[in-house]
Amino acid sequence: MLKRLVFTLLYDNGSFVLSRNFRLQRVGDVRWLKRNYHFGTVAESIDELVILDVTRGQRDLPRFCSAVRSVTEACFVPVAVGGGISSMSTVEQLLLAGADKVVVNSLLVDDPGEVAAIAEVIGAQSVVASIDVRRGDDRTPWVVISQAERETGRTLFEHVQAVTSMPIGELYVNSVDQDGTGMGLDLEMVAQLGDGFSQPLILAGGVGHSQHLFQGLSLPTVSAVATANLLNFVGDGLQRARTELRERGVPLAVFGL
C-alpha cells in the first residue's frame, strides 16, 4: 500500500506561522507564502496539503477562507482544511473555499453528533479527526488536549477508541511535545495508539529532515507523515526528501507517469 507525504500550513489571524510546542511564531502573510512556496510546484512533491486555522482568539472565517482560496488556486492535490469547525455551516464555507476534506478536533469531544451529521452530508472519507497529544505523568502518561490547552479527560487509548468509532476517514495525530522541535517524531506515542482501528493514520510533530519522515513512514501502522516546518523544506526541500524516501524503498506514488 502506498504511503503519503503531507505538508501542513498553520494560519493565525491573517498570517502563516511556525509552532513549537504550540507556541506560535509569525512567518508571513499569504503574499509571503505564495512568493516562497509555489504550490503548483510543491504539489508535485506532496500527496496532500493540510491547512489549519490555529487562531487562539476570535476567528475570522471569511478571511481564512480567502487565504485558503489564494494558497490552493494552483494546487492539484487533495486539500484538508480545519480549525474551529463547529457546524455544517462552517464546513460548507470551507468546501467552497477549496477544501476537499475537513479537519475536526474539539468537536470530537464537544459534539460527536455534529461530526456524524457532517459525515452524513460530505461522506466519512472527507472527515479527518485531529488529535493533539502531550506527555503527562505516571498516572496519565499521555494526555489528549483540544483548543490548544484544554485537557479532554481521556487517555490516548480511550480517545482513539471513541474517535475511530465515529464516521471519520482518517486520523491526524500530533505530538505537542515534539511539535516544531525538528527533533523527530514521537514513536513511543505511536505505539500507544494500538492497531485496533482501520482508518489511515497521519503522524505529525517533530519532523526536521527526511530521516524523520523515513522513520515514521517505515512504521506499519502509519499511512502518512506530515511536516509543518516551513523553513526546513523551503525551495526544493520537499522534492529532495521525496526522492530520497523513494530511493530508500518507501512506497510513495510516482507523479507524472
[X] side chain to [Y] side chain, donor-acceptor N/O pair below 3.5 angstrom:
X    : Y    : result
E244 : S210 : yes
D132 : N105 : yes
R154 : Q161 : no
R242 : S45  : no
S15  : D29  : no

Original post:
With sequence neighbours excluded, what pairs up with Y172 under the ring pair (Phe, Tyr, Trp, His ring centres under 6.0 Å) test?
Top reply: none
Subject >> For H159, all residues meeting ring pair (Phe, Tyr, Trp, His ring centres under 6.0 Å), sequence neighbours excluded >> reply: none
Original post:
Looking at V163, V128, L203, I202, which hits side chain to side chain contact (heavy atoms under 4.5 Å, CB included) with L171?
Top reply: V163
Original post:
Among T155, L156, V173, which one satisfies side chain to side chain contact (heavy atoms under 4.5 Å, CB included) with V144?
Top reply: L156
Any donor-acceptor pair under 3.5 Å linking the side chain of [X] with the backbone of [Y]?
X    : Y    : answer
S70  : S66  : no
D179 : F22  : yes
D47  : L5   : yes
N21  : D177 : yes
N174 : G205 : yes
D100 : V79  : yes
R246 : L252 : yes
T181 : M183 : yes
K3   : V222 : yes

Subject >> NZ/NE/NH1/NH2 to OD/OE distance under 4.0 Å, D186 and R135 >> reply: yes
Subject >> Salt bridge D53-R63, side-chain N to carboxylate O under 4.0 Å >> reply: no
Original post:
Between atom CD1 of I168 and atom CD1 of I118, what is the distance when rounded to the nearest 0.5 Å?
Top reply: 13.0 Å
ILVMFWY network linking [X] to [Y], side-chain heavy atoms under 4.5 angstrom:
X    : Y   : value
L238 : L2  : no
I51  : V27 : yes
V121 : V91 : yes

**OP:** Would you sort out whether V81 and V102 count as a side-chain contact (heavy atoms from CB on, under 4.5 Å), showing the intermediate values?
**Re:** CA-CA 5 Å; V81 183; V102 295; 5.8 Å; no
Between [X] and [Y], what is the shortest heavy-atom contact and its length?
X    : Y    : answer
V104 : V127 : CG2-CG1, 4.0 Å
G169 : P200 : O-CD, 3.1 Å
Q192 : F157 : O-CD1, 4.3 Å
V17  : R26  : CG1-CA, 3.8 Å
L185 : A204 : CD2-C, 4.1 Å
V103 : A80  : CG2-CB, 3.9 Å

Original post:
Should the ring pair Y11 and F16 be called parallel, tilted or perpendicular, given that the plane angle runs from 0 to 90° and is split at 30 and 60?
Top reply: perpendicular
**OP:** Starting from the C-alpha separation in whole Å, work towards a yes-or-no answer on side-chain contact (heavy atoms from CB on, under 4.5 Å) for L201 and L193.
**Re:** CA-CA 10 Å; L201 170 63; L193 297 173; 3.7 Å; yes
Original post:
Can L49 and L9 be said to form a side-chain contact (heavy atoms from CB on, under 4.5 Å), step by step?
Top reply: CA-CA 8 Å; L49 177 65; L9 293 174; 4.1 Å; yes
**OP:** Just do the side-chain hydrogen bond (donor to acceptor under 3.5 Å, both in side chains) check on Q211 and R248 with the steps written out, would you?
**Re:** CA-CA 10 Å; Q211 175 62 16; R248 297 181 68 177; 2.6 Å; yes
Original post:
Out of Q125, Q199, R4, which residue meets the side chain to side chain donor-acceptor pair (under 3.5 Å) rule with E170?
Top reply: R4
**OP:** Evaluate side-chain contact (heavy atoms from CB on, under 4.5 Å) for I145 paired with V176, printing each intermediate quantity in order.
**Re:** CA-CA 9 Å; I145 65 172; V176 177; 3.8 Å; yes
